[in-house]
Amino acid sequence: MAHPPRTEARLRAQRPGATVSESIPYRFEPTHHAGELHEAHDDIEAGTETDTVVTVAGRLMLRRVQGKLAFGTMQDQTGRIQLFAPVSTTPRFSEFTSLTIGDWVGVTGVVMKTRKGELSIRVDEWVLLAHSERQFPDKWHGMTDPEARYRQRYVDLWVSDGARSAFLLRSRALSLIRRWLEDRQFIEVETPLLNVIPGGGHARPFVTHHNALDTDLYLRIAPELFLKRLVVGGFERVFEMGRTFRNEGIDRVHNPEFTMLELYQAYGDVNDMMAITEELIGYLATELRGTTKLTWQGQEVDLTPPWRRASMADLIEERIGVRIDVRMPIDDVRHIAFDQGVKVEQGWGQGKLMLEIYEKTTESSLQGPVFVTDYPKEVSPLARDHRELPDMVERFEVIVGGREIANAFSELTDPKEQKARFDGQLRARAAGDDEAMPVDDDYVRALEYGLPPTGGLGIGIDRLVMMLADVASIRDIVLFPTLRPESAGRAPSGTHADGDDEADDEA
RNA sequence: GCGCCUCUAGCUCAAUGGCAGAGCAACGGACUCUUAAUCCGCAGGUUCUGGGUUCGAAUCCCAGGGGGCGCACCA
């Protein structure tokens with residue numbers, strides 16, 4: 001230890017033969033949280049005591065010892081409360097005043113207000129619940145180094161304003177989403193994370209290996225194909241909200257593992273999905289922020305339904321003044337792409353070109369919320385043909401602040417058509433698109449048993465929570481974001497069938 | 001993967017080629033109404049790592065590592 005012995009040694013000195021951990025109780029029963037006490041007693045007069053005795057627990061965050069009277073600031077999950085510790089009521093007073101910042105304590109005493117008007121608990125009983133052997137960060141400046149905040153979130157949560165509240169908001173959002181969907185007869189299901197075929201999206205997957213089956217498995221990139229199998233199986237309204245994995249870059253809006261909500265509604269279509277999207281997100285904003293008019297990173301976001309609906313072609317035209325139609329000669333579309341500085345690859349049809357042009361010129365400029373509708377069939381292998389527009393599908397994405405937060409379609413239900421779409425993806429893969437969707441024959445078999453008309457919706461929960469919490473980085477709403485390992489370590493043993501991982505021990 | 005920025009005490013930061021420092025925290029002490037309490041005292045360093053230039057390197061150069069931002073990727 002770089003610093004002199006701290007509380008532990010002193011406590012041990014006072015009770016020879018006893019260790020600190022032996023003096024720590026096995027359980028403790030707080031009766032109140034700081035937040036509740038402020039709510040119930042903030043209006044009492046300065047200098048008065050109530051006859052209410054409470055027990056609280058938390059970390060000591062500040063300490064002000066004045067000879068025979070000590071003040072402490074204790075923090076729990078709900079906030080802070082002052083501990084008022086006169087020598088006359090505080091057992092083991094000198095031990096109490098030698099507590100250090102970061103120590104966990106449990107305190108029982110009367111609720112009172114100091115002469116200066118600070119709501120406090122008089123320390124009539126107290127017990128050490130954990131000693132912090134490591135020094136806590138500066139009580140005023142907190143922790144600002146992003147790396148330290150992410151790697152040591154357990155400290156960040158105590159000392160960074162807003163860190164805890166952002167994660168509490170996330171938790172409440174997940175809970176509200178589940179309740180909202182269940183109120184509408186959606187049932188929550190769990191489908192495999194370990195996939196033989198990573199389908200339902202375009203992304204590079206993580207690969208792992210199952211030893212007993214001696215087969216490679218992929219972490220799912222989307223739950224879509226399994227959820228639609230369940231609609232085939234008669235679950236008319238299903239949803240899954242869970243982790244999804246994509247082996248792509250990491251930045252402010254991408255973490256390799258992220259949380260996706262997908263839901264499917266039998267007998268519904270893309271229009272039902274729009275209604276669900278704007279109602280659900282409007283509800284969340286109202287519940288969590290008290291309004292549908294939010295500010296996200298300085299920009300106004302009005303989530304009051306109904307949201308604007310505009311086709312991709314219209315939005316592109318608004319932005320660059322050129323009308324694109326997938327029925328145009330391909331050289332014309334290539335020419336537009338070239339004019340817009342969009343990199344073109346061999347094998348791209350009009351639909352793929354249109355999407356590229358949209359993404360490079362238009363998407364990031366959309367403040368939203370806006371439903372971007374009418375996607376090219378070429379880039380939507382799981383969506384059903386548009387009932388009016390040839391070579392287009394019934395699909396939308398929701399854009400807010402230039403970022404996609406939802407994606408939905410009228411689901412493709414025809415097995416022959418689905419097989420043909422998969423074959424098209426196969427050709428795209430052969431042409432060099434290594435994110436083209438792999439063929440899933442069992443999924444086609446499921447469709448052959450009959451999938452009724454179905455609407456499906458996916459929402460990126462992390463980005464939604466970012467918006468609701470008004471934070472700039474996905475790392476601010478993911479508790480333990482993916483980082484490079486702190487030091488070059490070994491893989492845990494037992495990850496290989498033969499138990500011999502010596503060969504893996506490289507730097 | 002590329003570019004820019006960054007890494008100094010537990011935390012937040014100084015020192016820009018010339019003795020590695022401050023505040024808070026910690027440690028020892030004084031103090032019965034503090035609120036980032038105050039006051040006195042004491043201790044704390046592989047300046048991310050490894051090379052190089054120099055009489056002398058936290059500082060300049062090269063290589064590597066972590067992190068942030070941007071780009072690319074993410075249909």
Side-chain angles (χ1 to χ4, degrees), chain A residues 1-7 9-10 46-47 60-73 80-90 93 97-98 100-102 112-120 122 132-152 155-156 158-160 201-204 221 246-256 258 343 345 348-349 351-360 363 375-376 378-381 395 397 403-404 407 425 428 433-437 460 472-473 475 481 483-488 507:
Chain A
M1 286 286 115
H3 49 79
R6 301 182 52 216
T7 315
R10 274 181 284 119
L60 191 67
M61 300 304 285
L62 293 168
R63 204 185 51 152
R64 299 174 289 279
V65 179
Q66 291 202 182
K68 297 185 175 64
L69 175 64
F71 299 89
T73 301
R80 295 182 166 195
I81 185 91
Q82 177 165 274
L83 306 177
F84 177 83
V87 68
S88 54
T89 72
T90 306
F93 180 78
T97 60
S98 71
T100 62
I101 289 173
M112 41 102 45
K113 203 169 241 187
T114 60
R115 294 211 281 272
K116 294 290 173 63
E118 181 75 27
L119 186 70
S120 306
R122 194 182 67 205
S132 178
E133 292 181 27
R134 289 180 184 264
Q135 292 186 47
F136 250 60
D138 186 288
K139 63 190 175 190
W140 187 243
H141 299 97
M143 198 176 232
T144 61
D145 176 14
E147 182 177 4
R149 295 188 51 209
Y150 303 147
R151 291 198 195 279
Q152 297 177 248
V155 177
D156 181 46
W158 288 103
V159 301
S160 298
H202 288 77
R204 274 185 280 272
I221 59 172
R246 296 189 179 180
N247 203 341
E248 312 280 4
I250 297 175
D251 62 27
R252 271 193 338 207
V253 289
H254 295 89
N255 196 59
F258 61 101
K343 193 178 59 182
E345 287 185 21
W348 287 3
K352 172 68 173 171
L353 286 165
M354 180 177 178
L355 182 71
E356 286 290 318
I357 292 165
Y358 160 74
E359 290 188 335
K360 293 291 187 290
E363 186 178 80
Y375 276 64
E378 181 184 350
V379 295
S380 312
R395 172 180 177 185
E397 287 191 0
R403 298 287 175 186
E404 173 198 345
N407 181 20
Q425 291 291 304
D433 178 1
D434 58 359
E435 286 170 1
M437 209 175 285
S473 170
R475 298 180 196 100
L483 297 176
R484 282 185 200 277
E486 204 164 356
S487 57

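Computed from heavy atoms alone, side chains included, the values below leave out hydrogens, waters and symmetry copies. A quick note: this is a predicted structure, and the numbers were derived from the prediction, not measured.
Listed nucleotides B:A75, B:A26, B:U32 differ in distance to A:Val87; the shortest reach to its side chain belongs to B:U32. When distances run from any side-chain atom of A:Gln135 to the nucleotides B:A25, B:U35, B:C11, the shortest one goes to B:A25. Checking B:U32, B:A25, B:A75 against the side-chain heavy atoms of A:Glu359 singles out B:A75 as nearest. For A:Trp140, taking side-chain heavy atoms from C-beta onward, the closest of the listed nucleotides B:A36, B:C31, B:A75 is B:A36. Counting only heavy atoms from C-beta on, A:Phe71 has its side chain closest to B:C33 among B:A37, B:A75, B:C33. For A:His202, whose side chain is taken as the heavy atoms from C-beta onward, the closest listed nucleotide among B:A75, B:U35, B:C73 is B:A75.
Across all strands shown, B:A75 forms no Watson-Crick or G-U wobble pair with both key distances under 3.5 Å. Across all strands shown, B:C27 forms a Watson-Crick or G-U wobble pair with B:G41, both key distances being under 3.5 Å. For B:C2, the paired nucleotide is B:G70, the pair qualifying as Watson-Crick or G-U wobble because both relevant distances are below 3.5 Å. In this structure, B:C60 forms a base pair with B:G52, meeting either the Watson-Crick or the G-U wobble geometry with both donor-acceptor distances under 3.5 Å. Across the strands present, B:G21 finds its partner in B:C13; the criterion is a Watson-Crick or G-U wobble pair with both atom distances under 3.5 angstrom.
Taking atom C1' on both nucleotides, B:G66 is separated from B:U54 by 29 Å, rounded to a whole Å. When the P atom is used for both B:A20 and B:C62, the distance is 26 Å, rounded to whole Å. Using P as the reference atom, B:C69 and B:A9 are 22 Å apart when rounded to the nearest Å. On the C1' atoms, B:A22 is 31 Å away from B:C33, given to the nearest whole Å. Here, B:A57 and B:G51 have their C1' atoms 13 Å apart, quoted to the whole Å. Distance noted for atom C1' between B:G45 and B:G21: 11 Å (whole Å).
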Go through the steps to decide whether A:Asn407 and A:Arg395 satisfy the test side chain to side chain donor-acceptor pair (under 3.5 Å), and finish with yes or no.
CA-CA 7 Å; A:Asn407 181 20; A:Arg395 172 180 177 185; 3.0 Å; yes

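Here the side chain of A:Glu397 pairs no donor or acceptor atom with the backbone of A:Glu404 at under 3.5 angstrom.
Residue A:Glu356 is in sugar-phosphate contact alone, with no base atom involved, counting any heavy-atom pair closer than 4.0 Å across all strands shown. Among the atoms of the strands shown, none is found under 4.0 Å from any heavy atom of A:Lys113. A:Gly201 comes within 4.0 angstrom of nothing in the nucleic acid, heavy atoms only. In this structure, A:Val253 reaches neither bases nor backbone, as no heavy-atom distance under 4.0 Å exists between it and the strands shown.
Atom CZ of A:Phe136 sits about 10.0 Å away from atom CG of A:Leu60, to the nearest 0.5 Å.
A:Arg475 is listed as a side-chain neighbour of A:Ile250, based on a closest heavy-atom distance under 4.5 Å. A:His254 places none of its side-chain heavy atoms less than 4.5 Å from the side chain of A:Glu248. The side-chain heavy atoms of A:Glu356 and A:Glu345, taken from C-beta on, include no pair separated by under 4.5 Å. Residues A:Arg134 and A:Val155 have side chains not in contact (no heavy-atom distance under 4.5 Å, counting atoms from C-beta outward). Using a 4.5 Å cut-off on side-chain heavy atoms (C-beta onward), A:Pro86 and A:Arg122 make contact.
Nearest-nucleotide positions on RNA chain B for A:Arg204 and A:Leu62 put A:Leu62 closer to the 5' end. Between A:Asn407 and A:Gly117, the residue whose closest nucleotide on RNA chain B is further toward the 5' end is A:Gly117.
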All N/O pairs under 3.5 Å across the protein-nucleotides 67-70 of chain B interface:
unit_1, atom_1, unit_2, atom_2, d
B:G67, OP1, A:Arg484, N, 2.8
B:G67, OP2, A:Arg484, NE, 3.3
B:G67, O4', A:Glu147, OE1, 3.2
B:G68, OP1, A:Arg475, NE, 3.2
B:C69, OP2, A:Arg475, NH1, 3.1
B:G70, OP1, A:Arg252, NH1, 2.6
B:G70, OP1, A:Arg252, NH2, 3.4

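If you take NE2 of A:His141 and C1' of B:C11, they are 9 Å apart, rounded to a whole angstrom. Distance CE (A:Met61) to P (B:A26): 12 Å, rounded to an integer number of Å. Taking atom CG on A:Leu355 and atom P on B:C74, their separation rounds to 11 Å, with Å as the unit.
An OP1 or OP2 oxygen of B:C13 is reached within less than 4.0 angstrom by a side-chain nitrogen or oxygen of A:Thr144. For A:Lys360 and B:C71, the shortest distance from a side-chain N or O to OP1 or OP2 is not below 4.0 Å.
Within 6.0 Å of atom CZ in A:Arg64, more than 12 heavy atoms from other residues, nucleotides or ligands are found, so the atom counts as buried in its surroundings.
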